[in-house]
K.L.:
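First, the structure itself, so that you have it in front of you.
By convention in this document, chain letters (A, B, ...) are assigned in the order of the sequence lines, proteins followed by strands, and residues within each chain are numbered from 1.
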There are 2 protein chains.
Amino acid sequence: MAPRTAQAGDDDASGMPTEPTQARRFGKARTAQAHALLEDYAELIADLIATGGEARPTDIARRLGVSHATAIKTIARLKREGLATARPYRGVFLTEAGEALAQRMKARHRIVVDLLLRVGVPAEAAEQDAEGIEHHVSDATLAAFAAFLAAKP
Amino acid sequence: MAPRTAQAGDDDASGMPTEPTQARRFGKARTAQAHALLEDYAELIADLIATGGEARPTDIARRLGVSHATAIKTIARLKREGLATARPYRGVFLTEAGEALAQRMKARHRIVVDLLLRVGVPAEAAEQDAEGIEHHVSDATLAAFAAFLAAKP
DNA sequence: TCTAAAGTGTAGCCTGTGCTACAAATCCAT
DNA sequence: ATGGATTTGTAGCACAGGCTACACTTTAGA
Ligand SMILES: [Mn+2]
Ligand SMILES: [Mn+2]
Ligand SMILES: [Mn+2]
Ligand SMILES: [Mn+2]
């Protein structure tokens, strides 16, 4: 049998990942983290609009617990990335891409919380931890969570 | 009955968290993220030492998939935070605090992976997502995970 | 209406985390 | 033992994401 080269999920006999595999995993985790803030903003903006009809920088800042200057700077990044539109003193709106991201995150957030509750995590810890965990849940994992929740209702 | 002030886990009737509650959750998620890199370094350094007797900046960098300059800069931060010691050209060592963090993260990593596998997440997705999720799992959540794994073997 | 409060935007600072380029030290093989 | 390869360290850059301070706009109440 021809020797094969190391592949995606390779872990050696001891269960340790091979070096390139581990490097790739860390890299993906970094990428996920880089998107986390935008995801939270999109989800929050959609919520503010759904609830109150508009998303103002000050409201966004207050909900996130950051200064309004910080919020405004991140909103500028959302615009650069094509996720939001905003004109001075007129509130923030989501583009189609931003709206899609918001809905994806909303579903993800809910499923992560539900999964945590289902395995016995206390409610407040579930809500707290989900806020970070949601950004690291891949589609495959999300699907598994949903299946697990559906299977044992 | 005297009116009570809003408290830690308060969510209103619609299931939405109150504003200060949500701000606190986001803040804690940010804090967790700020510690994530140090946690990964500590875990990795402990692993390199356990496996090969020493942790060299170049090896650390290669395993993480970053440049050696980046690794060295973060090692400097580990030293500042009292988690590691290192002298020029002599490799990196963990302080007692660093070693404790490393062991905590090692256990956390394993439990998160096991939990994900238990609820049906494919192996590679579990390994990948755990690398990010582990940094957002509180003690309460970790305990719940462990209990869930122990209960249904 | 018009003034004060609230909201918004900008400037400038800091830190963390990445990079490349280059310099210095160490290690190894001849 | 020494010179080339490797490792380590440093310098300097970029950008994200925090902050405060200050200026400008809008909104709302007297
Ligand atoms: Mn979040
Ligand atoms: Mn969320
Ligand atoms: Mn990790
Ligand atoms: Mn880990």
Side-chain angles (χ1 to χ4, degrees), chain A residues 19 23-42 44-45 48-49 52-93 131-132 135, chain B residues 19 23-42 44-45 48-49 52-93 131-132 135:
Chain A
E19 182 183 286
R24 194 166 20 71
R25 284 179 190 158
F26 280 123
K28 283 193 187 178
R30 283 194 298 271
T31 298
Q33 190 48 48
H35 297 161
L37 195 66
L38 298 181
E39 292 172 350
D40 281 336
Y41 269 74
L44 175 55
I45 289 166
L48 286 169
I49 291 176
E54 57 177 11
R56 296 299 191 137
T58 297
D59 298 326
I60 295 169
R62 199 161 33 218
R63 289 272 216 115
L64 289 166
V66 298
S67 74
H68 82 275
T70 296
I72 285 174
K73 207 185 281 191
T74 303
I75 290 164
R77 188 177 160 211
L78 285 170
K79 291 200 279 184
R80 275 207 309 283
E81 311 246 349
L83 296 169
T85 59
R87 275 202 298 288
Y89 301 94
R90 285 296 98 118
V92 183
F93 300 90
E131 200 53 72
H135 308 287
Chain B
E19 181 183 287
R24 195 166 21 71
R25 284 179 192 159
F26 279 123
K28 282 192 187 179
R30 283 194 297 271
T31 298
Q33 189 50 46
H35 297 161
L37 195 65
L38 298 181
E39 292 172 349
D40 281 336
Y41 270 73
L44 175 55
I45 290 167
L48 285 170
I49 291 175
E54 57 177 10
R56 296 301 191 135
T58 297
D59 298 326
I60 295 169
R62 198 160 34 215
R63 288 269 217 116
L64 290 166
V66 299
S67 74
H68 81 274
T70 295
I72 285 174
K73 208 184 282 191
T74 303
I75 291 164
R77 189 178 160 212
L78 285 169
K79 291 199 280 184
R80 275 206 309 284
E81 311 247 348
L83 296 169
T85 59
R87 275 204 297 288
Y89 302 94
R90 284 295 99 116
V92 183
F93 299 90
E131 201 52 71
H135 308 287

K.L.:
Does C:dG18 have OP1 or OP2 sitting under 4.0 Å from an N or O in the side chain of B:Arg77?
P.N.:
no
K.L.:
With respect to the phosphate group of C:dG16, does any side-chain polar atom (N or O) of B:Arg80 fall under 4.0 Å of OP1 or OP2?
P.N.:
yes
K.L.:
For A:Asp59 and for B:Ala34, find the nucleotide of DNA chain C with the closest heavy atom, then tell me which residue's nucleotide is more 5'.
P.N.:
A:Asp59
K.L.:
What is the distance from CZ of A:Arg90 to P of C:dA6, rounded to the nearest Å?
P.N.:
19 Å
K.L.:
With hydrogens left out and only the distance checked, is there a donor-acceptor pair under 3.5 Å joining A:His68's side chain and the base of C:dG9?
P.N.:
yes
K.L.:
Would you kindly compare A:Val66 and A:Pro88 by the position of their nearest DNA chain D nucleotide and give the one closer to the 5′ end?
P.N.:
A:Val66
K.L.:
D:dG18 C1' sits how many Å from A:Ile75 CD1, rounded?
P.N.:
15 Å
K.L.:
What is the separation between atom CD on A:Glu54 and atom C1' on C:dA6, rounded to the nearest whole Å?
P.N.:
14 Å
K.L.:
Which atom names give the shortest non-hydrogen contact between B:His135 and B:Ala36, and what distance separates them?
P.N.:
CE1-O, 3.3 Å
K.L.:
Figure out the CG/P separation between A:Leu64 and D:dA16, and round it to whole Å.
P.N.:
18 Å
K.L.:
Using a 4.5 Å cut-off on heavy atoms from C-beta on, say whether the side chain of B:Val66 contacts that of A:Phe26.
P.N.:
no
K.L.:
Measuring from the side chain of B:Ala69 (C-beta onward, heavy atoms only), which nucleotide among D:dT8, D:dT10, C:dT10 has the closest atom?
P.N.:
D:dT10
K.L.:
Do you know which two heavy atoms are closest between A:Val92 and A:Ile49, and how far apart they sit?
P.N.:
O-CD1, 3.6 Å
K.L.:
Look at B:Thr74 and C:dT17 and indicate whether a side-chain polar atom (N or O) is within less than 4.0 Å of OP1 or OP2.
P.N.:
no
K.L.:
In whole angstrom, give the distance that lies between atom CZ of B:Arg56 and atom P of C:dA25.
P.N.:
16 Å
K.L.:
Hey, is the side chain of A:Arg30 poking within less than 4.0 Å of OP1 or OP2 on C:dT17, counting only N and O atoms?
P.N.:
no
K.L.:
In whole angstrom, give the distance that lies between atom CD of B:Glu81 and atom P of C:dT15.
P.N.:
13 Å
K.L.:
Look at the side-chain N and O atoms of B:Arg87 and state whether any lies under 4.0 Å from the OP1 or OP2 oxygen of C:dT26.
P.N.:
no
K.L.:
Does a side-chain N or O from B:Thr58 land closer than 4.0 Å to OP1 or OP2 of D:dT7, or not?
P.N.:
no
K.L.:
Rounded to whole angstrom units, what separation is found between the OH atom of A:Tyr89 and the C1' atom of C:dG9?
P.N.:
5 Å
K.L.:
Show your reasoning for whether side-chain contact (heavy atoms from CB on, under 4.5 Å) applies to A:Leu83 and A:Ile45.
P.N.:
CA-CA 11 Å; A:Leu83 296 169; A:Ile45 289 166; over 6 Å; no
K.L.:
Closest heavy-atom contact between B:Leu44 and B:Arg63?
P.N.:
CD1-NH1, 3.4 Å
K.L.:
Would B:Glu131 and B:Asp40 count as a side-chain contact (heavy atoms from CB on, under 4.5 Å) here? Give the steps.
P.N.:
CA-CA 9 Å; B:Glu131 201 52 71; B:Asp40 281 336; 3.0 Å; yes
K.L.:
Ignoring hydrogens and angles, answer whether the base of D:dG18 and the side-chain atoms of A:Lys73 contain a donor-acceptor pair closer than 3.5 Å.
P.N.:
yes
K.L.:
OP1 or OP2 of D:dG17 less than 4.0 angstrom from a side-chain nitrogen or oxygen of A:Thr70, does that happen here?
P.N.:
no
K.L.:
Remember a base hit wins even if backbone is also touched, and classify A:Arg62 as base, sugar-phosphate or nothing at under 4.0 Å, heavy atoms.
P.N.:
nothing
K.L.:
Measuring from the side chain of A:Ile72 (C-beta onward, heavy atoms only), which nucleotide among D:dG9, D:dT20, C:dT8 has the closest atom?
P.N.:
C:dT8
K.L.:
Atom CD1 of A:Ile60 and atom P of D:dG17: how far apart are they, to the nearest Å?
P.N.:
15 Å
